[in-house]
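Chain letters run A, B, ... following the sequence lines, proteins first and then strands; every chain starts at 1.
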Amino acid sequence: MRALTWHGTRDVRVESVSDPEIINPRDAIIKVTSTAICGSDLHLYDGVIPGMQSGDVLGHEFMGEVVETGASSTLKKGQRVVVPFTIACGGCFHCAVQQYSACENSNPVEKQDMSATLYGHPMAGLFGYSHLTGGYSGGQAEYVRVPFSDVGPIIIPDHLEDDNVLFLSDILPTGWMAAENADIGPDDTVAVWGCGPVGLFAIQSALVMGAAQVIAIDHYPHRLELARKLGAKIINFRETNVREALMEMSGGIGVDAVIDAVGMEAHGFAIDNMLDVVKQKVGVGADRASALKQALLAVRFGGRVSIPGVYGGMTDKFPLGALMEKGVQLRTGQTHVQKYLGDLLAKIEDGTLDTTFLISHHLPLEDAATGYRNFKEKQDSWTKVVLRPGMEAGAAGASTTRTMEQV
Amino acid sequence: MSRDANNTLSRAGGIAIGAGLIGAAVVGGALASGMRRGRSPDDAPGRTARRGFGEYDVSGRTVTIRKPRAEVFRAWREFEKLPQFMENVVSVRPGDGEGRWRWTIRAPRGVVELETEVVREQENELIAWRSTDKSEIDTEGRVEFRDAPGDRGTQVTAIIAYKPPAGEAGRAIAKLFQREPQIQARHDLKRLKMLLETGEIATSARTADATRKAKMEEA
């Protein structure tokens with residue numbers, strides 16, 4: 001099959017690799033119809049996450065058609081499914097309490113030691129996201145082997161297009177859980193740092209949950225415009241003193257809930273080089289950590305802090321005093337995708353949530369490397385790239401459904 | 001099947017002293033003397049102590065498996081099926097006499113043969129074993145089964161003491177191959193958990209010939 005493979009920093013290629021096979025009884029093989037590039041894929045692209053091996057197939061946002069099933073799979077050939085990026089067994093303690101992204105059984109045993117050393121507990125398995133989270137081949141490919149196919153994938157009714165539902169795989173539930181973690185009530189002012197895909201979905205979710213106002217913070221004009229169209233008020237941090245503005249816009253009380261959808265990924269997972277990675281990245285890291293620091297200062301006493309943004313290593317100069325003295329609630333974590341799929345699919349079907357506004361480009365899988373480059377270098381206009389294995393190479397221009405000007 | 005505790009202890013000789021806690025733990029009668037040798041200042045399991053156990057390596061690990069205690073006990077008690085989740089165990093076959101089992105285990109250079117005898121068994125609670133003099137490795141261990149709180153299933157604790165082959169060098173080599181018993185035991189317990197909770201052992205391989213199991217069998 002054809003697949004997007006990683007070979008080193010900013011070196012991804014579409015090449016031919018072996019087709020996936022059914023190995024365990026609960027497996028299924030999915031023929032991918034749509035797959036997206038995620039912001040977190042850029043950290044693999046930039047080579048800042050260890051545990052990658054040359055030839056690894058990337059991609060953790062994908063959907064497609066069931067073409068093969070293991071003896072214990074509950075899926076049927078021909079069904080259309082969206083696959084959660086978190087691999088969960090459904091049988092362990094964490095799955096039983098719906099903390100699917102903490103599944104104890106999805107990361108192969110021999111791959112668990114490194115993250116267990118760093119975090120005290122091993123990470124669960126994820127598709128296409130380094131060998132720290134299992135080393136599973138990802139979805140930016142023609143076919144994917146999906147373990148525990150009786151637990152993860154959700155069956156999609158025929159009348160919904162791929163673009164309507166693809167983001168159930170990660171960023172929509174991630175934005176939704178970010179808002180849920182902010183425990184939003186009807187009188188609340190909610191501030192969201194970062195208007196990337198997760199931030200935008202968090203804004204949309206917070207409004208659906210009934211927040212009185214949502215304030216979006218970023219510096220990319222186009223992304224801020226998308227937030228405004230969703231119904232948020234916007235702050236461009238290059239133009240405005242954010243903390244002062246938030247105090248004024250919340251009547252001098254401070255915002256009730258803050259969501260950090262920026263993150264500070266890739267400060268290194270491996271314990272032995274972690275500090276070095278932090279040092280190397282200190283320019284970027286300090287910059288990005290400032291979103292969370294700012295959020296902690298902006299949130300009111302007794303408010304809520306939600307962190308969907310990914311942090312991998314450590315940070316310093318952290319406003320621990322503000323965190324303690326203000327009596328805030330702090331909630332974090334990778335998304336428990338499986339928990340939200342049913343409800344969010346229903347909200348897509350009844351029109352409560354729209355996910356298509358985000359997509360700036362459709363590309364053939366063959367042009368995936370171009371997609372990575374532009375998603376990385378033209379963040380303002382390339383808001384979300386959807387790859388289609390079936391689409392003819394070079395058909396990118398014609399297939400781009402929306403450009404910046406149209407939005 | 002369970003043997004006289006004191007007999008076992010005296011035959012084991014150095015083990016009871018060298019392995020300290022495990023020697024005491026394996027044989028119930030020796031527990032009191034083990035305690036006299038130095039009561040732990042806290043409630044933590046002895047195997048988590050910062051001090052060592054002489055020439056023996058003692059390690060232990062607990063996992064919680066979301067299945068009833070009897071089922072988990074049964075899975076461990078079927079010795080011949082242990083290679084299903086014990087990656088380095090090639091086979092377990094009945095040995096010479098009741099409660100004796102012959103193990104063929106992958107080692108840094110080829111395989112080692114081990115014969116164990118079950119020195120104590122309490123249904124759904126405990127299995128303890130030690131190597132006999134027909135073994136190439138000097139080892140003993142026990143596995144305990146307890147109900148976890150509420151509906152969390154069963155807590156399984158495996159404790160293994162062994163004398164590293166060929167001293168430190170041997171252990172260093174073993175570690176390189178990830179075949180040190182401490183790592184083995186931890187990984188094996190997690191594989192048992194996977195097998196019982198999910199019916200399979202997770203692999204991220206894309207093709208059947210690329211699984212860890214397939215590669216080990218090939219090697």
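Using modelled atom types, one side-chain atom of B/Arg69 and one backbone atom of B/Asn124 make a donor-acceptor pair closer than 3.5 Å.
When heavy atoms are compared at a cutoff of 4.5 Å, B/Ile201 approaches chain A solely by way of its backbone atoms N, CA, C and O. Contact annotation for B/Arg191: both backbone and side-chain heavy atoms come within less than 4.5 Å of a heavy atom of chain A. Using a 4.5 Å cut-off between heavy atoms, B/Thr203 touches chain A through backbone and side chain atoms alike. For A/Ser18, the parts lying under 4.5 angstrom from a heavy atom of chain B are both the backbone and the side chain. Contact annotation for B/Ala210: neither backbone nor side-chain heavy atoms come within less than 4.5 Å of a heavy atom of chain A. A/Val57 touches chain B through its side chain: at least one heavy atom from C-beta onward sits under 4.5 Å away, while N, CA, C and O do not.
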Assess whether side chain to side chain donor-acceptor pair (under 3.5 Å) is satisfied between A/Glu65 and A/Thr33, documenting all intermediate values. CA-CA 7 Å; A/Glu65 183 194 331; A/Thr33 52; over 6 Å; no
Does the pair B/Glu115 and B/Arg100 meet the rule for a salt bridge (charged side-chain N to carboxylate O under 4.0 Å, His left out), with working shown? CA-CA 7 Å; B/Glu115 188 191 66; B/Arg100 291 197 172 209; 3.0 Å; yes
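Comparing A/Gly135, A/Ser106, A/Ala96, A/Pro108 by heavy-atom pairs within less than 4.5 Å of chain B, the highest count is held by A/Pro108. For the options A/Val17, A/Ile22, A/Asp27, A/Asn107, heavy-atom pairs under 4.5 Å to chain B are most numerous at A/Val17. The greatest number of non-hydrogen atom pairs below 4.5 Å with chain B, out of A/Pro25, A/Gly90, A/Pro147, A/Gly134, is found for A/Pro25.
Salt bridge absent: B/Glu123 and B/Arg77 never bring a charged side-chain N and a carboxylate O closer than 4.0 Å.
Ring geometry for B/Phe79 against B/Trp101 counts as tilted: the plane angle lies between 30° and 60°, on a 0 to 90° scale.
Rounded to the nearest 0.5 angstrom, A/Thr133 OG1 and A/Met114 CE are separated by 11.0 Å.
A/His336 and A/Gln98 share no side-chain donor-acceptor pair at under 3.5 Å.
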